[in-house]
Asker: 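Take a look at this one; I'll ask things after.
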Amino acid sequence: MNSHGKTLPPTLFVGAGRMASAIVRGILDSGRAGPEKLYCTCGNDLTGQHLAEATGIHFAEDPGSILSTVDLFLLACKPQQLKDLPASLFTGTSGKLVVSILAGIPINRLSALSPLARNVVRVMPNTPAQIGKGISVYASRDPLSEEDQSIVESLLSSMGSVVSLPEDLMDAVTALSGSGPAYLFEFTRILTEAGKDIGLSNEVSSELARQTIIGSAALMESRSDATPSELVDEVTSPGGTTEAALQSFGNNFERVVVEALRAARDRSRELSSL
């Protein structure tokens with residue numbers, strides 16, 4: 001173990017898109033593994049070659065040739081590509097730790113593909129992982145050994161925070177933290193449009209909205225002692241402008257957010273059963 005976390009075993013990334021690239025860079029930046037221990041493969045595009053060239057990791061044109069070398073098998077392709085992966089790839093997972101970041105793919109389906117894997121772990125990360133500010137939630141088929149838990153948490157902590165939960169909560173996690181960044185981006189867009197409606201230019205309104213969101217998030221991170229409600233109270237003066245805005249929300253804002261998360265959760269359940 002180094003000062004940045006547990007050293008990871010030789011790892012194969014199946015997929016080389018944005019999230020896989022974020023994980024690879026997080027691993028390298030944190031010192032959890034050197035490029036000589038990381039391999040990637042992909043489908044018919046050039047993302048694998050590009051990731052290898054950019055980071056110095058190995059590109060495995062024939063992943064079957066290196067399956068005996070790796071101990072950690074990380075599924076990071078698009079969920080719809082799973083059915084097109086060769087069966088020989090999964091045969092090579094016997095005795096290995098399989099980790100999947102494929103949205104909506106349940107553990108039982110992953111286990112059916114890799115029945116001889118020593119364990120199968122399903123992960124829901126989110127896009128702030130690209131800058132090391134994400135949060136990843138994981139669930140495993142079987143209780144993880146101390147060694148494998150250390151590997152999984154070291155791997156995921158290279159992208160940010162890590163939480164372990166039962167798989168039956170993964171659809172709710174998807175609705176909140178998996179899809180959550182899009183809600184914040186959409187609120188920023190709406191805030192910008194509202195600023196324009198009350199007289200600000202697009203440039204000024206955009207800058208004010210973005211920096212307000214960024215600064216408020218940073219303040220909330222620095223004030224871990226305060227709840228969101230307490231931070232609201234710090235901004236809100238009785239009879240003031242903030243109070244007027246919050247009163248205009250009524251119960252509608254909370255209702256809309258709750259309904260949105262329920263819709264996302266229900267859709268995640270539908271996708272998981274396909």
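Worth knowing before you read on, the calculation uses all heavy atoms, side chains too, and leaves out hydrogens, waters and symmetry mates. From a predicted model like this one, the values you see are computed outputs, not experimental measurements.
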Asker: Under 3.5 Å, sequence neighbours excluded: what are the donor-acceptor pairs made by side chains of residues 207-221?
Answerer:
unit_1: T212; atom_1: OG1; unit_2: L208; atom_2: O; d: 2.6
unit_1: S216; atom_1: OG; unit_2: T212; atom_2: O; d: 2.6

Asker: Could R189 and E193 be called an ion pair, given the rule that one side-chain N must be under 4.0 Å from one carboxylate O?
Answerer: no
Asker: Show the nearest heavy-atom pair for residues S237 and E243, with the distance to one decimal.
Answerer: O-CB, 3.8 Å
Asker: Measuring only between side-chain heavy atoms, which start at C-beta, is T69 closer than 4.5 Å to Y39?
Answerer: yes
Asker: Do side-chain atoms of S65 reach the backbone of D62 as a donor and acceptor pair under 3.5 angstrom?
Answerer: yes
Asker: Show which residues join L169 in its hydrophobic cluster (side-chain heavy-atom contacts under 4.5 Å, direct or indirect), or state none.
Answerer: M124, I135, V137, V163, L165, M170, V173
Asker: Could you tell me which non-hydrogen atom of R25 sits nearest to which non-hydrogen atom of A54, and how far apart they are?
Answerer: NH2-CB, 3.6 Å
Asker: Walk me through it: do L8 and I27 pass the test side chain to side chain contact (heavy atoms under 4.5 Å, CB included)?
Answerer: CA-CA 9 Å; L8 296 173; I27 290 170; 3.7 Å; yes
Asker: Going by an N to O cut-off under 4.0 Å, is there a salt bridge joining E234 and R223?
Answerer: yes
Asker: Could you check if a side-chain atom of F73 sits within less than 4.5 angstrom of a side-chain atom of L75, using non-hydrogen atoms only?
Answerer: yes
Asker: Is a side-chain donor or acceptor of K96 paired with a backbone partner of L67 at a separation under 3.5 angstrom?
Answerer: yes
Asker: Is the closest side-chain donor-acceptor distance between R32 and S154 under 3.5 Å?
Answerer: yes
Asker: Please tell me if the side chains of F249 and L246 come closer than 4.5 Å, counting only heavy atoms from C-beta onward.
Answerer: yes
Asker: Going by atom type alone, with no hydrogens or angles, which donor-acceptor pairs under 3.5 Å involve a side-chain atom of residues 98-113 and a protein atom two or more places apart or on another chain?
Answerer:
unit_1: S100; atom_1: OG; unit_2: L102; atom_2: N; d: 3.1
unit_1: S111; atom_1: OG; unit_2: I107; atom_2: O; d: 3.0

Asker: Is the closest side-chain donor-acceptor distance between S94 and R118 under 3.5 Å?
Answerer: no
Asker: Less than 4.0 Å between a side-chain N and a carboxylate O, is that true for R262 and D171?
Answerer: no
Asker: Does K6 pair with E147 as a salt bridge, N-O distance under 4.0 Å?
Answerer: yes
Asker: Donor-acceptor pair, N119 side chain versus D142 backbone, under 3.5 Å?
Answerer: yes
Asker: Compute whether any side-chain donor of one residue and acceptor of the other, for T242 and T236, lie under 3.5 angstrom apart.
Answerer: no
Asker: Where is the tightest heavy-atom contact between S205 and G195, given as atom of each residue plus distance?
Answerer: OG-CA, 3.3 Å
